[in-house]
Amino acid sequence: MTLYADNTQSEGESSSSVLLEMMYGYQKSQALFVAAKLGIADILSKGSKTADELAKATGVNSRSIYHLMRMLSSVGVFSTEDNDKFQLNPIGKHLLTGTSDSLRGTVMAMGDEIYQAWGNLLYGIKTGKTAFNHTFNRDFYSYLKQDSEASVNFNEWMKETTREWLLPVLEAYDFSEVKTLVDVGGGIGTLTAVILNANPKMQAILFDREDVVVGADRVLEGAGVADRCQIVGGNFFDSVLPQGGDLYLISRVLLNWDDSDAIKILSNCYQAMTVKDKLVVVDFMLPQGKMSPFIGLGSLNLFVLGGTFMRTEDEFYNLLSSAGFTVTNTIKTTGPVSAIEAKPA
Ligand SMILES: C[S@@+](CC[C@H](N)C(=O)[O-])C[C@H]1O[C@@H](n2cnc3c(N)ncnc32)[C@H](O)[C@@H]1O
């Protein structure tokens, strides 16, 4: 899957149009967000509608939604029939709620608070501080704790990106000998569920913040693996992490924390583990040389949300070593993440 188009100039395209396309990009992105927020795709899934009908169904202004829908149709998100009715097309279908290829959570998460925080990127670049905290007077995870809609959108975003980015980990890493997996910061259990499904004898412990794991039952039950997964709510900065796993998985967690916090989380994993257990860090790695737009934008997004950047392979090794681990294997996947396997030294 192309994650972000490589916006370098292609043949026949003028350099000015490349730059302008980048600059106007946020307008498309906000229009998509508004369509997702209003649930337009779900309404159109029951049949094509005029702007008046859409306005009535969503409680918004008829004239403005007409122009929104025409604009989105012009860039290919919806289609227009001759009679001025709008209908779903393959791109717009990704805005549907709850479908197997939905990207609505991504659009909702990106288009709301994260978009607002990016509006303070200049502040972040000038000060080196976190734009999100500057925008909302609290850190990202505290914000999610007090805003249930933002929290649902974030967890859906994680679910959708698990599908798009993390599944190659299952092909790259052999989980078949693992008896009990502990998924540290495993969110609502999307990745845990996929790994359990692929390994029918495995048990798992899903660990995340208490306010997050309340959403895990539905995911685990939906995947038919709830009977093999214990759900534990807690804080990974406290020293008590679940014991009894033979593989501790820490996927897309360290990227949110600076070195001292990341070492604390890893040290708390270390405390819960025996010398026979393994730790697997699944994360994005910053290349030394040329990087893809996906990594460049993703790293800057981390900075906007939490003041961190993606790490290089060496930086991960240093973290692991500082927390008492020896790296045993580093596996590149066909997706954008890598897996680093380590054991307590
Ligand atoms: C970027 S998400 C990754 C989720 C999942 N591991 C994945 O790869 O899809 C980071 C996770 O860390 C969790 N988290 C943040 N702070 C935490 C804390 N203090 N204790 C436990 N979990 C925490 C969040 O709730 C979130 O689910």
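For ligands, and for the atoms within them, numbers begin at 1 and follow the listed sequence.
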Polar proximity ligand 1 side, [X] side, N/O cut 3.5 Å exclusive:
X: N256; result: no
X: N155; result: no
X: R252; result: yes
X: F154; result: no
X: G185; result: yes

Those atoms of ligand 1 less than 4.0 Å from some heavy atom in [X]:
X: G187; answer: 27 (O)
X: L166; answer: 8 (O)
X: G234; answer: 20 (N), 21 (C)
X: S251; answer: 3 (C), 5 (C), 6 (N), 7 (C), 8 (O)
X: V212; answer: 25 (O)
X: G186; answer: 6 (N)
X: T162; answer: 9 (O)

Contact list for residues 178-193, test side chain to side chain donor-acceptor pair (under 3.5 Å), sequence neighbours left out: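 Counting only pairs at least two positions apart or across chains, the side chain to side chain donor-acceptor pair (under 3.5 Å) contacts touching residues 178-193 are D183-T192.
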Is any side-chain heavy atom of [X] closer than 4.5 Å to a side-chain heavy atom of [Y]?
X: L95; Y: I40; value: no
X: L181; Y: N199; value: no
X: F303; Y: T308; value: no
X: D283; Y: R311; value: no

T106 OG1 to M108 CE distance, which is reported to the nearest 0.5 Å: 11.5 Å
Among D238, D208, N235, I265, closest by any non-hydrogen atom to atom 27 (O) of ligand 1: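 Selected option, by shortest heavy-atom distance: D208.
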Heavy-atom nearest neighbour of atom 2 (S) of ligand 1 within options K145, K159, M158: M158
Identity and distance of the protein heavy atom lying nearest atom 10 (C) of ligand 1: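 In this structure, atom 10 (C) of ligand 1 has Y141 OH, 3.2 Å as its nearest protein heavy atom.
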Side-chain donor-acceptor pair present, S321, N318, cut-off under 3.5 Å: no
Q116 and T135: side chain donor to acceptor below 3.5 Å: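 No, T135 and Q116 have no side-chain donor paired with an acceptor closer than 3.5 Å.
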Structural part of F236 in contact with ligand 1, heavy atom criterion under 4.0 angstrom: both
Contact partition for W165 relative to ligand 1, non-hydrogen atoms under 4.0 Å: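 Neither; no heavy atom under 4.0 Å.
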By salt bridge (charged side-chain N to carboxylate O under 4.0 Å, His left out) - contacts of K56 (at least two apart):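 With neighbours one apart ignored, the set is empty.
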Aromatic contact, F132 with Y143 (centres under 6.0 Å):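 Yes, close enough.
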Aromatic ring proximity, centroids under 6.0 angstrom, F78 and F86: no
Residue-ligand contact W257/ligand 1, heavy atom below 4.0 Å: yes
